[in-house]
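Predicted, not measured: the structure shown is a model, and the values here were computed from it.
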Amino acid sequence: MTEKTTSSALVLLNDPQIATSGGNLTNVKATTLAHLAQIPLLERDAAIRAILAGLGLHRIKLGLKHGLWTDWCDENASVSRTQIRMYMGLAAVFLAKCKINKPELIDLLTAGEADFSSSSTACSTAFGTLITFCANSSLNELLCEHHLKPSTKLGGARDAAALKPASQNPEQLYLLARDEIGSVLDRAEALFIKENRLQHMAGHPEEIRGVVDGLRALADKVDAAAKPLLRKNPMK
C-alpha cells in the first residue's frame, strides 16, 4: 500500500508534474475562463435574490399578526435577523431609487424560480429594472454603497464614507423607522411576555419594580414625543 504524502500548497502548485500541455491545457484554459466569467454573474444573482427576498419579507411581515414576525423569522429563515433587516432595507432602497409602481412590485412579488432563471432576458419591465439597479455589483457592494452595512478597509479601519449618514428620502426613512420600531416592540413582547425573563429575577423584587418603572417612564417619553406629531397629523 502506497503511503499518502502531503505537500504544502506552494510546493504542490509549482510541481512540474501537475503542469498540462496540448489539449489538456486548452481544456483547463476554457474551464478556467468560464469560471471567471460566471463569478460576476453569480454575485449579481445573489444581489437580485436578496432584493427579491427582501420584498417578500416585507410582504410576509405585513401579513402576519402583530408580535409574530420575530418568531416567524427565527423558525423559518435560514439567515440571521441582521441579514433579514439588510435585505429588507436594500429592497426599500431599490423601490425608492427606481420608482417602482404597484403593478411592478406585484410582478416581482409573484415571480417564481422560472421567472428568475430567465431574468437575464428581462422577462418583465420590473426584472429589467432590478437587473439594471444591481448592474455588476455584488450583494456586499450594494449593502455598503447604500449604507446598509458598514464597509471596512484592511486592518479594520472604516471607510470614511460609511461613517457619514446616508442620504435617504422620506419614504426610505419611514420604512426604516417602521421596521426598527416594530423590531423593538416585537423583542420587548418576546422578553416580557413570551420568554418571561422577569421570572428569573424573582429573588430581586426591587429590580423588577425598577424595570416596570423604567418601562412606564419610557412609555411617557414616547407619548410626549408622539403628541405633537399627532396634533400635526390628526387621524381622519
Please lay out, stage by stage, how F94 and L108 fare under the test side chain to side chain contact (heavy atoms under 4.5 Å, CB included).
CA-CA 12 Å; F94 163 66; L108 290 170; 3.7 Å; yes
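- Counting heavy atoms from C-beta on, the side chains of E141 and E43 never come closer than 4.5 Å.
- Residues H58 and Y87 place their aromatic rings such that the two centres sit no closer than 6.0 Å.
- Residue D107 comes nearest to A126 through the heavy atom pair OD2-CB, 3.9 Å, listed as atom of the first residue, atom of the second, then distance.
- In this structure a side-chain-to-backbone donor-acceptor pair under 3.5 Å is missing from Q38 to H35.
- Minimum interatomic distance between S138 and A47 (heavy atoms only, all atoms of both residues): C-CB, 4.3 Å.
- D74 has its side chain within reach of R81: a pair of non-hydrogen atoms, C-beta onward, lies under 4.5 Å apart.
- Separating the CG atom in L130 from the CZ atom in R44 is a distance of 9.0 Å, to the nearest 0.5 Å.
- The minimum heavy-atom distance between A77 and I84, with the atom names listed, is CB-CD1, 3.7 Å.
- Between the E104 side chain and the N101 main chain, a donor and an acceptor come within less than 3.5 Å of each other.
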Quick one, R49 with D45, criterion salt bridge (charged side-chain N to carboxylate O under 4.0 Å, His left out). Give me CA distance, side-chain angles, the key distance, then yes/no.
CA-CA 6 Å; R49 286 185 183 274; D45 284 353; over 6 Å; no
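- Using a 4.0 Å cut-off between charged nitrogen and carboxylate oxygen, D220 and R216 do not count as a salt-bridge pair.
- Within a 6.0 Å radius of CG in N76, other residues, nucleotides and ligands contribute more than 12 heavy atoms.
- Placement of I48 and L109 within a single hydrophobic cluster is found when ILVMFWY residues are connected by side-chain heavy-atom separations under 4.5 Å, directly or transitively.
- Between L62 and W69, every side-chain heavy-atom pair lies at or beyond the 4.5 Å cut-off.
- Nearest approach of G89 to L148, heavy atoms of both residues: C-CD1, 3.6 Å.
- I106 and L95 fall into different hydrophobic clusters, where Ile, Leu, Val, Met, Phe, Trp and Tyr are joined by side-chain heavy atoms under 4.5 Å apart, directly or via other members.
- Residues L105 and I100 share a closest heavy-atom pair of N-CG2, 3.7 Å.
- L90 has its side chain within reach of L139: a pair of non-hydrogen atoms, C-beta onward, lies under 4.5 Å apart.
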Can you list the steps and then say if L64 with K61 is a side chain to side chain contact (heavy atoms under 4.5 Å, CB included)?
CA-CA 5 Å; L64 291 174; K61 184 176 182 180; 5.7 Å; no
Show your reasoning for whether ring-ring contact (aromatic ring centres under 6.0 Å, His included) applies to F133 and H146.
CA-CA 12 Å; F133 174 79; H146 298 292; 5.5 Å; yes
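- Taking CG of L57 as the reference point, atom CD of Q83 lies at 11.5 Å (rounded to 0.5 Å).
- Under a hydrophobic-cluster definition in which Ile, Leu, Val, Met, Phe, Trp and Tyr are linked whenever side-chain heavy atoms come within less than 4.5 Å, directly or via other members, L215 and I208 are assigned to the same cluster.
- Cluster annotation: L218 is not connected to V211 through the hydrophobic network of ILVMFWY side chains, with a link wherever side-chain heavy atoms come within less than 4.5 Å.
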